[in-house]
**Q** 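Here it is, the structure in full.
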Amino acid sequence: MKTYISPWPASVACPPFPRRLSILGATGSIGDSALKVVAKHPERFTVTALAGGRNGQKLARLCNLYKPRYAAVLDDAARREYFAYVEDACPTELFVGPDAYVRLAALDDVDLVLSSIVGAAGFEPTLAAAEAGKMIGLANKESLVLGGHLIRAACKASGAVVLPVDSEHNALFQGLAGHGSDDELKRLILTASGGPFRGRDRAFLKTVTRDQALAHPNWSMGAKISIDSATLMNKGLELIEACHLYGLPPDMVDVVVHPQSIVHSLVEYVDGSQLAHLGTPDMQVPIAHCLCYPERVTVDVPRLQLAAVGTLTFEEPDLDAFPCLRLAREAFDAGPSHPIVLNAVNEIAVDAFLKERIGFTDIPAMIEAGLDRHVPVDVSTPEAVLALDEEVRRETRARL
Ligand code: NAD
Ligand code: MG
């Protein structure tokens with residue numbers, strides 16, 4: 001695929017096994033799933049680096065187990081916690097602070113970087129991995145929302161290869177592999193579960209609580225992406241992610257709600273064929289596909305039994321009750337600085353909702369107001385991207 005964000009993975013020589021991994025966001029939900037794949041196939045991997053955020057205790061436990069050469073935490077409190085739990089015999093060297101993630105993304109002795117930090121904090125490490133020419137398993141969709149154009153340019157310059165971990169984009173990647181040329185592609189169709197409030201109206205959404213919003217019907221995920229799934233912002237971010245990954249305009253990416261989360265997305269060709277990817281909704285499946293690409297390995301998830309599922313249903317998204325998907329599409333259309341605003345306000349609003357400071361429907365209202373206020377700026381450098389992200393966060397916090 002000529003318009004792909006990086007060299008098309010099938011066209012490059014992949015690193016041999018055992019692959020040396022750097023897992024950023026190792027203490028999160030994606031990190032858990034990745035380490036299950038690693039534990040199932042220990043002969044295929046060397047865990048060279050593990051990065052957590054503030055959870056020093058969990059990171060220490062992982063380091064005691066995997067004995068990576070390097071680890072990273074965000075701050076001194078996490079560092080102290082880490083040292084309270086790490087065993088004396090553990091050989092790991094610990095780095096502290098945001099720069100540590102950039103360092104662990106670009107290590108010489110690493111083949112594959114799993115970018116699975118949550119939020120805009122994943123942007124700089126992902127860009128660093130791209131600049132360093134790594135193979136990147138990309139879960140952190142926010143990094144493309146902030147700077148997909150910069151990551152694309154970095155991959156072009158260095159030859160870094162991106163493998164999409166996000167289940168929908170992994171499904172699209174598989175649906176595109178070896179099937180026709182770019183001009184035979186008609187559109188991509190992202191499936192969305194609809195989240196826990198599918199079918200509900202605005203009046204109901206005004207009353208929902210944090211715990212209701214965190215209870216995703218099909219997927220077990222971190223808190224931020226769970227709320228994004230409930231507002232449909234996750235699908236909005238994924239729409240932008242798909243445009244950057246596959247180099248397509250937003251009008252070639254559609255969304256259909258599919259509550260069972262069995263069909264993970266579809267690729268439509270000009271002849272009307274739609275190729276779907278189906279599977280049990282468990283992130284170990286796309287993660288294993290990326291970590292072992294192009295080989296396939298067994299994964300410990302229940303096999304999909306379609307007769308047991310029985311019925312697969314599809315419906316249009318309700319953009320009136322869930323405006324975030326519309327806002328994301330409009331932001332991408334408006335130019336490269338608008339998605340940065342969309343993402344920054346969303347992160348502040350989701351955090352405030354999780355702390356029970358604002359209501360559920362305040363999230364899209366804050367984003368829409370932030371986008372309305374925004375005057376486009378040049379974001380052609382990483383510094384400009386980060387400066388805008390920081391400015392919008394400051395302003396949004398001040399308005400809360
Ligand atoms: P999570 O909250 O469970 O884990 C986040 C990880 O990032 C943790 O290790 C945390 O310590 C670390 N972290 C948080 N803030 C950080 C910071 N400022 N600096 C460095 N590290 C920090 O999140 P998750 O559900 O694993 O999601 C991770 C990413 O993967 C997100 O971008 C999400 O959109 C994407 N993703 C997740 C899923 C899923 O099923 N969980 C599916 C597709 C894509
Ligand atoms: Mg997804």
Side-chain angles (χ1 to χ4, degrees), residues 22-36 49-62 71-75 77-78 81-82 95-105 114-126 136-146 164-173 190-193 195 214 216 218-229 232-242 245 255 258 261 263-265 277 279 281-287 290 301 343 346-347 350-351 354 386 389 393:
S22 177
I23 303 182
L24 311 179
T27 55
S29 167
I30 292 287
D32 285 344
S33 296
L35 288 169
K36 282 185 196 162
L50 292 174
R54 295 193 165 82
N55 193 342
Q57 180 178 355
K58 182 166 179 181
L59 188 70
R61 193 167 55 70
L62 295 176
V73 289
L74 195 53
D75 53 26
E81 198 179 284
Y82 172 88
F95 299 101
V96 183
D99 292 350
Y101 305 98
V102 169
R103 186 167 185 163
L104 265 53
L114 183 65
S115 168
S116 53
I117 289 174
V118 62
F123 168 64
E124 282 184 280
T126 305
I136 304 168
L138 185 66
N140 176 261
K141 61 195 84 183
E142 294 91 344
S143 55
L144 290 186
V145 174
L146 261 75
V165 169
D166 208 349
S167 56
E168 296 77 4
H169 306 73
N170 187 270
L172 296 171
F173 175 66
L190 294 168
T191 52
S193 70
L214 281 172
H216 195 278
N218 306 333
W219 295 95
S220 154
M221 309 180 286
K224 191 257 177 183
I225 182 174
S226 296
I227 303 303
D228 285 348
S229 298
L232 247 63
M233 179 52 91
N234 185 48
K235 216 47 57 179
L237 300 177
E238 289 185 355
L239 174 100
I240 297 174
E241 179 184 15
L245 275 175
V255 173
H258 165 49
S261 298
V263 177
H264 296 307
S265 280
H277 173 286
D282 188 309
M283 287 307 292
Q284 286 181 73
V285 178
I287 290 170
C290 294
V301 303
N343 183 73
N346 183 55
E347 287 191 24
V350 168
D351 185 59
L354 285 169
L386 293 168
D389 175 66
R393 280 164 199 271

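Residues take their numbers from the sequence shown, with the count starting at 1. When a ligand or atom number is given, it counts from 1 through the structure's own listing order.
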**Q** Examine the proximity of ligand 1 to E142 and report which part, side chain or backbone, both or neither, has a heavy atom under 4.0 Å away.
**A**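 Side chain only; the backbone of E142 stays clear of ligand 1.
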**Q** For S116, is the nearest heavy atom under 4.0 Å from an atom of ligand 1?
**A**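 Yes, S116 has a heavy atom closer than 4.0 Å to ligand 1.
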**Q** Is it true that N55 lies under 4.0 Å from ligand 1, counting heavy atoms only?
**A**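 No heavy atom of N55 comes that close to ligand 1.
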**Q** Among all protein heavy atoms, pick out the one at the shortest distance from atom 12 (C) of ligand 1; state its residue, atom name and that distance to 0.1 Å.
**A**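 Minimum-distance protein heavy atom for atom 12 (C) of ligand 1 reads G53 N, 4.0 Å.
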**Q** For atom 34 (O) of ligand 1, which of the options K58, K141, H216, K224 provides the nearest non-hydrogen atom?
**A**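 Among K58, K141, H216, K224, the closest heavy atom to atom 34 (O) of ligand 1 comes from K141.
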**Q** Looking only at distances, can you tell me whether any N or O atom of G31, backbone or side chain, sits closer than 3.5 Å to an N or O atom of ligand 1?
**A**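 Between G31 and ligand 1, no N or O pair is found under 3.5 Å apart.
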**Q** Check whether E238 reaches the backbone of L190 with its side chain - one donor and one acceptor, N or O, closer than 3.5 Å.
**A**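 Checking the backbone N and O of L190 against the side chain of E238, no donor-acceptor pair under 3.5 Å is found.
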**Q** With only distance considered, is S29 within less than 3.5 Å of ligand 1 through an N or O on each side?
**A**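 Such a contact does occur with ligand 1.
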**Q** Under a 4.0 Å threshold between the charged nitrogen and the carboxylate oxygen, would E142 count as salt-bridged to K224?
**A**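 The answer is yes: the pair qualifies as a salt bridge.
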**Q** List the steps, then state whether side-chain contact (heavy atoms from CB on, under 4.5 Å) holds for V165 with M283.
**A** CA-CA 8 Å; V165 169; M283 287 307 292; 3.9 Å; yes
**Q** Given S226, A100, A121, A34, identify the one with the heavy atom nearest to atom 17 (C) of ligand 1.
**A**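 Of the listed residues, A121 has the closest heavy atom.
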**Q** Which atom names give the shortest non-hydrogen contact between E347 and A120, and what distance separates them?
**A**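 The pair with the smallest heavy-atom distance is OE2-N, 2.8 Å.
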**Q** On a heavy-atom basis, which atom in S116 and which in A139 lie closest, and how many Å separate them?
**A**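 Smallest heavy-atom distance, with atoms named: CB-CB, 4.0 Å.
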**Q** Looking just at side-chain N and O atoms, do T27 and N55 make a donor-acceptor pair shorter than 3.5 Å?
**A**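 T27 vs N55: no donor-acceptor pair found between side chains.
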**Q** Crowded around R103 CZ? As in, over 12 foreign heavy atoms under 6.0 Å?
**A**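 Counting other residues, nucleotides and ligands, CZ of R103 stays at 12 neighbours or fewer.
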**Q** For ligand 1, which part of M283 has a heavy atom less than 4.0 Å away: the side chain, the backbone, both, or neither?
**A**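 It is the side chain that touches ligand 1; the backbone stays farther off.
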**Q** Side chain, backbone, both or neither: which part of L74 comes within less than 4.0 Å of ligand 1 when only heavy atoms are counted?
**A**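 For L74, the contact with ligand 1 is made by the side chain alone.
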**Q** Which pair of non-hydrogen atoms, one from L59 and one from G52, has the smallest distance, and what is that distance?
**A**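 Looking at all heavy atoms of both residues, the closest pair is CD1-N, 3.8 Å.
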**Q** What atoms in ligand 1 come closer than 4.0 Å to a heavy atom of G52?
**A**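 By the 4.0 Å cutoff, the relevant atoms are 11 (O).
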**Q** Output the list of atoms in ligand 1 that are nearer than 4.0 Å to some heavy atom of D166, sorted by atom number.
**A**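 Taking each heavy atom of D166 in turn, ligand 1 has 43 (C), 44 (C) under 4.0 Å.
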**Q** Looking only at heavy atoms, is any part of I225 under 4.0 Å from ligand 1, and if so is it the side chain, the backbone, or both, or is it neither?
**A**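 The answer is the side chain of I225.
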**Q** Could you pull out, from I117, N170, N140, L237, the option with a heavy atom nearest to atom 21 (N) of ligand 1?
**A**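 Closest candidate by heavy-atom distance is I117.
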**Q** Nearest to the Mg ion (ligand 2), which N, O or S atom of E238 do we find?
**A**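 In E238, the heteroatom (N, O or S) nearest the Mg ion (ligand 2) is OE2.
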**Q** For the residue pair V263 and H258, what are the closest heavy atoms and their distance?
**A**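 Smallest heavy-atom distance, with atoms named: N-NE2, 3.0 Å.
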**Q** For ligand 1, which atoms have a heavy atom of G25 less than 4.0 angstrom away?
**A**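 By the 4.0 Å cutoff, the relevant atoms are 6 (C), 7 (O), 9 (O).
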**Q** Would you say the side chain of L138 lies within less than 4.5 Å of the side chain of S143, judging by non-hydrogen atoms?
**A**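 S143 vs L138: side chains touch.
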**Q** To the nearest 10 degrees, calculate the angle at the Mg ion (ligand 2) involving OE1 of E168 and OD1 of D166.
**A**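 The two atoms form an angle at the metal of about 100°.
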**Q** Please state which part of W219 comes within less than 4.0 Å of ligand 1, counting heavy atoms only: side chain, backbone, both or neither.
**A**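 Neither; no heavy atom under 4.0 Å.
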**Q** Using side-chain heavy atoms (C-beta onward) and a distance below 4.5 Å, is L74 in contact with Y101?
**A**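 They are in contact (side-chain heavy atoms under 4.5 Å apart), so the answer is yes.
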**Q** When you look for heavy atoms under 4.0 Å from ligand 1, do you find them on the side chain of A139, its backbone, both, or neither?
**A**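 Both parts.
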**Q** If the cut-off is 4.0 Å to any non-hydrogen atom of T27, which atoms of ligand 1 fall inside it?
**A**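 Answer, ordered by atom number: 8 (C), 9 (O), 10 (C), 11 (O).
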